[in-house]
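One structure is given here, and the rest of the page talks about it.
Just so it is clear: chains get the letters A, B, ... in the order the sequence lines come, proteins before strands, and each one is counted from 1.
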Number of protein chains: 2
Amino acid sequence: MSEAVAKIASRAERKERTRQKLLDVTLALVAKRSLSSISLREVARDAGIVPTAFYRHFESMDALGVELVDESMRPLRQMIRDARRGSPTNADIIKNTVEILGRQVRENQLDFRFLTRERYGGVAGVRRAIDTELRLFTSELTVDLARITAGAGWSSDDLEMTADLMVAAMLNAVMDLLEVDQRHADDERTILDRSERQLRLIAFGMSVWRSTPR
Amino acid sequence: MSEAVAKIASRAERKERTRQKLLDVTLALVAKRSLSSISLREVARDAGIVPTAFYRHFESMDALGVELVDESMRPLRQMIRDARRGSPTNADIIKNTVEILGRQVRENQLDFRFLTRERYGGVAGVRRAIDTELRLFTSELTVDLARITAGAGWSSDDLEMTADLMVAAMLNAVMDLLEVDQRHADDERTILDRSERQLRLIAFGMSVWRSTPR
DNA sequence: GCATTCGGTGAACGCTTGTACACTGACTAG
DNA sequence: CTAGTCAGTGTACAAGCGTTCACCGAATGC
C-alpha cells in the first residue's frame with residue numbers, strides 16, 4: 001500500500017499515539033503532585049495539543065485516571081508472572097519474590113508511584129479501580145498459598161487474611177522504595193532486606209498457625 | 001473582669017476559635033477530596049471569613065496542612081496510651097489493641113481519613129510530617145516489643161522490622177475500615193477480626209523467629 | 001482615656017481553569 | 001475522483017483562583 005518512506009502513519013495510529021502521550025505525560029506529572037490537582041490544560045500542553053483536542057480521547061481527567069490504572073497495573077501483573085515462573089524450584093521463593101519486586105519498582109517507578117499515591121487519593125473512580133486490581137492481586141496470591149499449604153487444613157478465610165498481610169507488607173516496601181531516591185536515609189538494599197525478613201516472619205507464623213476458636 | 005453574661009471572649013480566644021474552625025473545615029473537606037485540590041478560598045468560605053483573613057492564621061494551605069497533621073495525630077497518640085494502659089493484665093494484648101483501634105477509627109474518622117489519604121498524597125511537606133509521626137509510632141511499638149521479648153536475643157533491627165510490619169498491618173486495617181461506611185462489602189467486624197488474626201500470625205512468627213545468617 | 005494592636009473586610013489585580021463553538025485540512029472509504 | 005470523517009485548531013467566555021492593598025472598629029495595654 002505505502003511505498004512512502006516512513007514517518008507517515010495511519011490516522012488511527014496517530015490517534016493512538018496522541019492518546020498514549022496523554023497518558024504518559026499524566027503519569028509523569030503524578031510523580032510530583034496528586035492527580036486531582038493536575039489540570040486538563042496542563043496535560044494537553046505537555047502532550048503538545050490544544051486543550052479542546054483532549055476531549056477527542058477522554059471525557060475528562062477522571063476518565064483518563066481510570067484508564068491509567070489499567071496502564072500502570074501492567075508491571076504488577078508482570079511481577080506475578082515472573083514470581084510464579086521462578087517458583088517451581090522453590091529454593092527460596094521469598095528471596096526471589098522480593099528481588100523481583102525490587103527490580104519492578106526500580107524499572108517502573110512512575111507506575112508504582114501512581115498506584116500508591118492514588119490508592120487512597122482524591123478521585124473516587126480511580127481509587128475504586130486500583131482497589132479492584134489489588135483485590136485481584138491478593139486473590140492470586142491466595143491461590144498460590146492454597147497450593148503451598150495444601151492438606152494442612154487451612155481455611156480459605158485464613159489463606160486470604162495471610163495473603164492480605166503479605167500484600168500489605170509488599171506494598172509497604174514499595175512505598176518505602178519510592179521515597180528512596182528522593183529524600184531519606186534508608187537505601188534500597190535495607191528496605192528489601194527488611195521486606196524479606198517480614199515475609200519470612202509471616203512464613204514462620206504460618207508454620208505454627210492455628211485458628212482461634214470461634 | 002467580665003460581669004457580662006457570656007459569649008464575649010478575649011481577642012486571643014476569638015482568634016484561636018477561628019483558627020480551629022479553619023482546621024476543622026479543612027479536615028471535613030479532605031473527607032471528599034485530597035488536600036492539594038482544596039482551595040484557600042473554599043476553606044475561608046466554609047469557615048465564614050473572607051479569603052484574605054486566612055493569612056492572619058496560616059501562611060498558605062500547605063502550612064495549614066502541616067498543622068493539621070499534628071492535630072489529627074492526637075487520636076493515634078491516644079490509641080497508644082490506651083493500648084499501653086490495658087497491657088499489664090496481658091490477658092490478650094492483641095485482641096485489646098485491635099478493639100481500641102476499631103473504636104478510635106470509628107470515633108475519629110476524619111482524622112484517620114486525612115492521615116491515610118495524605119500519607120502518600122500530593123503535598124510534600126504534609127507527607128513528610130506524617131511520615132515522621134508514623135516513624136515515632138513504630139519506634140514506640142519497637143520499645144514495647146523489646147520489653148516483651150526481653151532476654152530472647154532479639155536484635156534491635158529485627159524488633160524494628162517486626163514493629164514496622166505490625167504498623168503496616170494496622171494501617172491496612174484502618175484504610176479498610178474507612179472504606180466501610182461509604183461503599184463496599186466487608187463490615188467493621190470482618191475487618192477487625194482479620195486484623196486480629198494477622199497480628200496473631202505475626203506473633204506466632206515471632207515465637208519461632210531466628211535471624212537469617214548474615 | 002487614649003494610642004495601639006490586629007482579626008476581619010471588600011474591591012481589585014492578573015492568571016488559570018473547563019468547556020462551547022465553528023473551523024480546517026489531511027486521511028479514508030466508496 | 002469525490003464526499004465524508006475526524007484529530008487537532010483558535011477564539012471566546014464565565015468562573016474560580018491566590019495575593020495585593022487600604023481600610024475599619026472593637027479589644028487591649030498603658
Do B/Asp131 and B/Arg135 meet the salt-bridge criterion of a basic N to acidic O distance under 4.0 Å?
-> yes
Between atom CD in B/Glu59 and atom P in D/dT20, what is the gap in whole Å?
-> 11 Å
Euclidean distance, atom CZ of residue A/Phe54 to atom P of C/dT17 [Å, nearest integer] | 13 Å
Given D/dG18, C/dC6, C/dT19, the nucleotide with the shortest approach to the side chain of B/Leu40 = D/dG18
If you pin B/Ala12 and B/Ser39 to their nearest nucleotides in DNA chain D, which one's is more 5'?
-> B/Ser39
Please give, in whole Å, the distance from D/dA7 P to A/His57 NE2?
-> 7 Å
Which nucleotide, C/dG7, C/dA12, D/dT9, lies nearest any side-chain atom of A/Val50?
-> D/dT9
Side-chain heavy atoms of A/Leu145 within contact of A/Thr162, under 4.5 Å | yes
Report yes if a side-chain nitrogen or oxygen of A/Arg45 is closer than 4.0 Å to either non-bridging phosphate oxygen (OP1 or OP2) of C/dT17; otherwise report no.
-> yes
Specify the separation, in whole Å, of atom CZ of A/Arg17 and atom P of D/dG8.
-> 11 Å
Figure out the CD/P separation between A/Glu42 and D/dC17, and round it to whole Å.
-> 17 Å
Can B/Thr190 and B/Asp193 be counted as having a side-chain donor-acceptor contact under 3.5 angstrom?
-> no
Side chain of B/Ala53 only, please: which of C/dT9, D/dT28, D/dA7 is the nearest?
-> C/dT9
Looking at C/dG8, C/dT17, C/dG10, which one has an atom nearest to any side-chain atom of B/Thr18?
-> C/dG8
Salt-bridge contact B/Arg200-A/Asp158 (side-chain N to carboxylate O under 4.0 Å) = no
CD of B/Glu13 versus P of C/dG7: gap in Å, rounded?
-> 14 Å
Starting at CG of A/Asp62 and ending at P of C/dT17, how long is that distance when rounded to a whole Å?
-> 16 Å
Whole-Å distance separating the CD1 atom of A/Ile49 from the P atom of D/dG10 | 13 Å
Report the nucleotide, chosen from C/dG8, C/dT19, D/dT19, that has the shortest atom-to-atom distance to any side-chain atom of A/Tyr55.
-> C/dT19
From the list D/dA7, D/dA12, C/dG7, which nucleotide is the closest neighbour of the side chain of B/Arg56?
-> C/dG7
Among the nucleotides C/dG7, C/dT5, C/dT19, whichever has the atom closest to the side chain of A/Arg41 is C/dT19
B/Thr52 has a side chain; which of D/dT20, D/dC17, C/dG8 sits nearest to it?
-> D/dT20
Are any non-hydrogen side-chain atoms of A/Phe112 and A/Leu177 less than 4.5 angstrom apart?
-> no
